[in-house]
There are 2 protein chains.
Amino acid sequence: MSAPADDLDLIGRHTAQRASVVRALIDHGGFVGAQTLHDVLKARGSRVGLNTVYRTLAALLDADRADVVHDRGGERLFRYRPSAEHRHYLVCRACDLSTAVDADVIETWAEHLARTSGFAEVEHTVELTGLCPQCCGS
Amino acid sequence: MSAPADDLDLIGRHTAQRASVVRALIDHGGFVGAQTLHDVLKARGSRVGLNTVYRTLAALLDADRADVVHDRGGERLFRYRPSAEHRHYLVCRACDLSTAVDADVIETWAEHLARTSGFAEVEHTVELTGLCPQCCGS
DNA sequence: GTCCGTGCAAATCTTTTGCAAGGTT
DNA sequence: AACCTTGCAAAAGATTTGCACGGAC
């Protein structure tokens, strides 16, 4: 079981609202939209404002404790990141199941590109989607 | 010089509006937002509706004649793709200068992932940003 | 002539912001 | 007590949609 308190230290003051947002994000286990997370919290009885959800997620991103991808509708989906290390994910387009993938190749390539392109402060985003074994069979 | 007529064949009927949208996208040379493109067209005197710009861009994406990236504000930026082949770009965060990069490594990695992950129809998006030589010096 | 594309405006949707009230340190 | 955080509502911004008209085939 994770300890949201550790994460809260990274994103500001300890409040019940932020704790419940972080807990809900962790419990969800995969990528989830801010509005969906808000709905989940409401269903749980947590009276948390939508903008608090947004701000908490933004703070987690700032602290490198969350990853973000764009879904096809332009909505941003967030996923909790237990460690502070950079990660990439393969997400199922049908059920949203997401799995972290080994992307050392990408990191190496990105570093090489940073050195040879003349560009500074090179950052990269990699989004992988597909149909998971469960979904491509059905 | 490119021939928009060839592109129009891919996206539906030949109309002056679509031609001007495609022409403007090509002339721009880099990534540009739909609304900005609309402004450019207005400045040129082309009375094209914003939704026509959106539809034309969507049609180009469908036909693999355009690439899209997300800027930090959530806006989608489009770039004309002369050939139908898959490409990746390194975009300057300051001036939007974009250059295509050699991403064979990525393609190979993505294919490998598709074979080993159990996922089907794996697609990938790679977005690279940095500060170009012009901008990181200033 | 038929059907698709266009334009205008309104609607939709996500995300951000203003401000007073309440909680944290 | 000082300052940050919350919540509500409204604003902002991008993209899509409804519908009547006009052009393409």
Side-chain angles (χ1 to χ4, degrees), chain A residues 4-25 31-63 66-79 96 127, chain B residues 4-25 31-63 66 68-79 96:
Chain A
D6 292 347
D7 303 300
L8 293 180
D9 286 335
L10 296 168
I11 62 178
R13 293 190 173 176
H14 295 48
T15 69
Q17 290 90 338
R18 288 191 168 189
S20 62
V21 172
V22 174
R23 168 61 49 81
L25 182 64
F31 282 97
V32 61
Q35 321 235 5
T36 302
L37 207 54
H38 182 231
D39 291 341
V40 169
L41 288 164
K42 267 198 305 192
R44 283 189 184 183
S46 305
R47 216 89 53 67
V48 179
L50 177 58
N51 62 354
T52 296
V53 176
Y54 275 110
R55 287 197 214 204
T56 304
L57 291 172
L60 285 171
L61 287 179
D62 259 8
D67 295 295
V68 62
V69 299
H70 294 85
D71 76 356
R72 282 172 297 284
E75 187 180 359
R76 287 188 299 173
L77 304 181
F78 303 84
R79 171 172 167 148
D96 278 343
E127 298 186 359
Chain B
D6 294 344
D7 302 300
L8 293 180
D9 287 335
L10 296 169
I11 62 177
R13 294 188 172 173
H14 294 50
T15 68
Q17 290 90 337
R18 290 191 167 188
S20 60
V21 172
V22 174
R23 168 58 51 81
L25 182 64
F31 283 96
V32 62
Q35 320 237 5
T36 303
L37 206 54
H38 182 230
D39 290 341
V40 169
L41 287 164
K42 267 198 307 192
R44 283 189 183 182
S46 304
R47 214 90 52 69
V48 180
L50 177 58
N51 62 352
T52 296
V53 175
Y54 275 108
R55 286 198 214 203
T56 304
L57 291 171
L60 285 172
L61 287 180
D62 260 8
V68 63
V69 298
H70 293 87
D71 75 356
R72 280 172 299 283
E75 188 179 357
R76 286 189 300 174
L77 304 180
F78 303 83
R79 171 172 167 149
D96 278 343

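To find a chain, count down the sequence lines: A is the first, B the second, and so on, and within it residues start at 1. Since the structure is predicted, the reported quantities are computational estimates derived from the model, not experimental observations.
- When the C1' atom of D:dA14 is taken as reference, atom CD of A:E75 falls 14 Å away, rounded to whole Å.
- When all heavy atoms of A:V53 and A:A34 are compared, the pair lying nearest together is CG1-O, 3.7 Å.
- A:L50 has its CG atom 10 Å from the P atom of C:dT16, to the nearest Å.
- Residue A:T52 places at least one side-chain N or O under 4.0 Å from the OP1 or OP2 atom of D:dG7.
- Rounded to an integer number of Å, the gap from B:L41 CG to C:dT6 P is 12 Å.
- The CD-P distance, from A:Q17 to C:dG23, rounds to 9 Å in whole Å.
- One can place CG of B:D62 at 16 Å from C1' of C:dG5, the figure rounded to the nearest angstrom.
- Listed pair A:R47 / D:dT6 fails the phosphate criterion, with no side-chain N or O lying under 4.0 Å from OP1 or OP2.
- Separating the CD atom in A:E75 from the CZ atom in A:F31 is a distance of 13.0 Å, to the nearest 0.5 Å.
- Distances shorter than 4.0 Å separate some side-chain N or O of B:Y54 from OP1 or OP2 on D:dT15.
- When the side-chain nitrogen and oxygen atoms of B:R76 are compared with OP1 and OP2 of D:dT15, one or more of them lie within a distance under 4.0 Å.
- Mapped onto DNA chain C by nearest heavy atom, A:Q35 and A:R55 fall at different nucleotides, with A:Q35 at the one closer to the 5' end.
- Residue-to-nucleotide contacts include no donor-acceptor pair under 3.5 Å from the side chain of A:N51 to the base of C:dT15.
- Within the 4.0 Å cut-off from OP1 or OP2 of C:dT6, at least one side-chain nitrogen or oxygen of B:R18 is found.
- Following rounding to the nearest Å, B:D39 (CG) and D:dG13 (C1') show an atom-to-atom distance of 13 Å.
- Atom CZ of B:R47 has 12 or fewer heavy atoms from other residues, nucleotides or ligands within 6.0 Å.
- In this structure, A:H38 contributes its side chain and A:G49 its backbone to no donor-acceptor pair below 3.5 Å.
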